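Have a look at the structure below before the remarks.
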Amino acid sequence: MVMIIMPQEFMHICEYSFWLQEVHIMKSLILGEEERGQSQYQVMCFISHFPKDSFISSDAMSKLRQKNPSTVRTPQEDLGRLNHTMDYSVVLKHSHIISPFIKDICAEAGQASYTLYKDIMKWSNIH
C-alpha cells in the first residue's frame, strides 16, 4: 500500500494504492463555505483500477537513490492529462469484492464513492 497526502487550502486529498487488488483510491475532503450555507466539509472517494506495472517498485527507487542521492528525477516522457467521468456509484457494503480496504477508507464518503464502468469490468474479469 502507498499513501500520498496532498493538503491544499480548501481541500485535502489522500491517495491509496493496493498492488495485490490493482486498486487505486483517491479520497478527497473538500471544505465547505459557511457564508454560502454549505456544510463544513464533503468527502468523496474515487476508486479506479491500475495495472501492477504502472508504478515503479520501491526496490528500483531505492537503488536509484543509492546511485545518485542528490539527483532530481524527471519523467522520460510526458503522458499528458487524463480525465475520467466516474459515473458509477460504489455501494460500500459490497465493496469488499473489489478490495477489503474500500469500506473503511471511504466510510465517511458514503454514497459519494465513484468508479468507472470499464474498471468494474476489469475487476469482475468480464472483457
Side-chain angles (χ1 to χ4, degrees):
M1 178 184 90
V2 171
M3 185 174 101
I4 301 169
I5 299 173
M6 297 179 283
Q8 302 289 325
E9 190 173 340
F10 299 104
M11 186 183 318
H12 185 85
I13 299 173
C14 292
E15 289 189 52
Y16 303 85
S17 297
F18 300 96
W19 279 275
L20 292 178
Q21 295 91 15
E22 296 187 7
V23 174
H24 178 82
I25 304 170
M26 185 172 71
K27 179 180 175 182
S28 66
L29 183 141
I30 303 166
L31 298 176
E33 296 183 42
E34 291 181 32
E35 305 84 42
R36 293 183 173 184
Q38 297 175 349
S39 63
Q40 286 186 324
Y41 64 91
Q42 178 183 8
V43 178
M44 293 185 287
C45 270
F46 303 98
I47 304 157
S48 59
H49 173 268
F50 75 91
K52 290 181 181 178
D53 62 350
S54 65
F55 285 100
I56 299 172
S57 71
S58 58
D59 295 351
M61 289 300 289
S62 65
K63 288 177 185 175
L64 284 172
R65 272 190 236 110
Q66 288 172 2
K67 283 184 179 180
N68 298 319
S70 61
T71 302
V72 176
R73 310 271 179 216
T74 57
Q76 294 176 343
E77 62 179 297
D78 184 0
L79 300 177
R81 291 180 182 226
L82 186 59
N83 293 321
H84 294 288
T85 302
M86 296 194 166
D87 51 356
Y88 280 78
S89 184
V90 175
V91 179
L92 294 181
K93 69 180 181 179
H94 300 298
S95 64
H96 65 278
I97 296 167
I98 300 168
S99 172
F101 305 105
I102 295 173
K103 186 176 180 182
D104 292 331
I105 292 171
C106 298
E108 208 172 357
Q111 293 180 339
S113 299
Y114 305 102
T115 192
L116 295 165
Y117 177 75
K118 69 175 186 164
D119 291 341
I120 293 171
M121 293 297 109
K122 284 181 185 170
W123 289 315
S124 64
N125 294 321
I126 299 172
H127 300 286

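Start at 1 with the first residue, then count along the sequence. Treat the numbers as computed from the prediction; the structure is a model and nothing was measured.
Residues W19 and I97 do not share a hydrophobic cluster, clusters being chains of Ile/Leu/Val/Met/Phe/Trp/Tyr side chains in contact below 4.5 Å.
Distance check: M121 CE to S124 OG gives 4.5 Å after rounding to the nearest 0.5 Å. Atom CG of L92 and atom CD of E108 lie 12.0 Å apart (nearest 0.5 Å). To the nearest 0.5 Å, the span separating CE on M86 from CG on L116 amounts to 4.5 Å. With rounding to the nearest 0.5 Å, the separation of CD1 in I13 from NZ in K27 is 12.5 Å.
Residues H12 and C14 come closest through the heavy atom pair NE2-SG, 3.7 Å. Listed here is the closest heavy atom pair of S113 and I47: CB-CD1, 4.5 Å. Minimum interatomic distance between V90 and S95 (heavy atoms only, all atoms of both residues): CG1-CB, 4.0 Å. Between V43 and A112 the shortest heavy-atom distance is O-CB, 3.6 Å. Residue C45 comes nearest to I105 through the heavy atom pair SG-O, 4.3 Å, listed as atom of the first residue, atom of the second, then distance. Scanning both residues, I30 and M44, for their nearest heavy atoms gives CD1-CE, 3.3 Å.
Looking only at side-chain heavy atoms (C-beta outward), F46 and S28 come within less than 4.5 Å of each other. Residues S48 and M26 have side chains not in contact (no heavy-atom distance under 4.5 Å, counting atoms from C-beta outward). V23 has its side chain within reach of I98: a pair of non-hydrogen atoms, C-beta onward, lies under 4.5 Å apart.
Within the structure, every pair that satisfies the ring pair (Phe, Tyr, Trp, His ring centres under 6.0 Å) test and touches residues 56-88, not counting sequence neighbours, is listed here: Y88-Y117.
Listed by chain and residue number, E22 satisfy the side-chain hydrogen bond (donor to acceptor under 3.5 Å, both in side chains) test with H49 (two or more places apart in sequence, or in another chain).
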- Message: Working note: Y16 + F101, criterion ring pair (Phe, Tyr, Trp, His ring centres under 6.0 Å); need CA distance, chi angles, decisive distance, verdict.
- Response: CA-CA 10 Å; Y16 303 85; F101 305 105; 9.3 Å; no
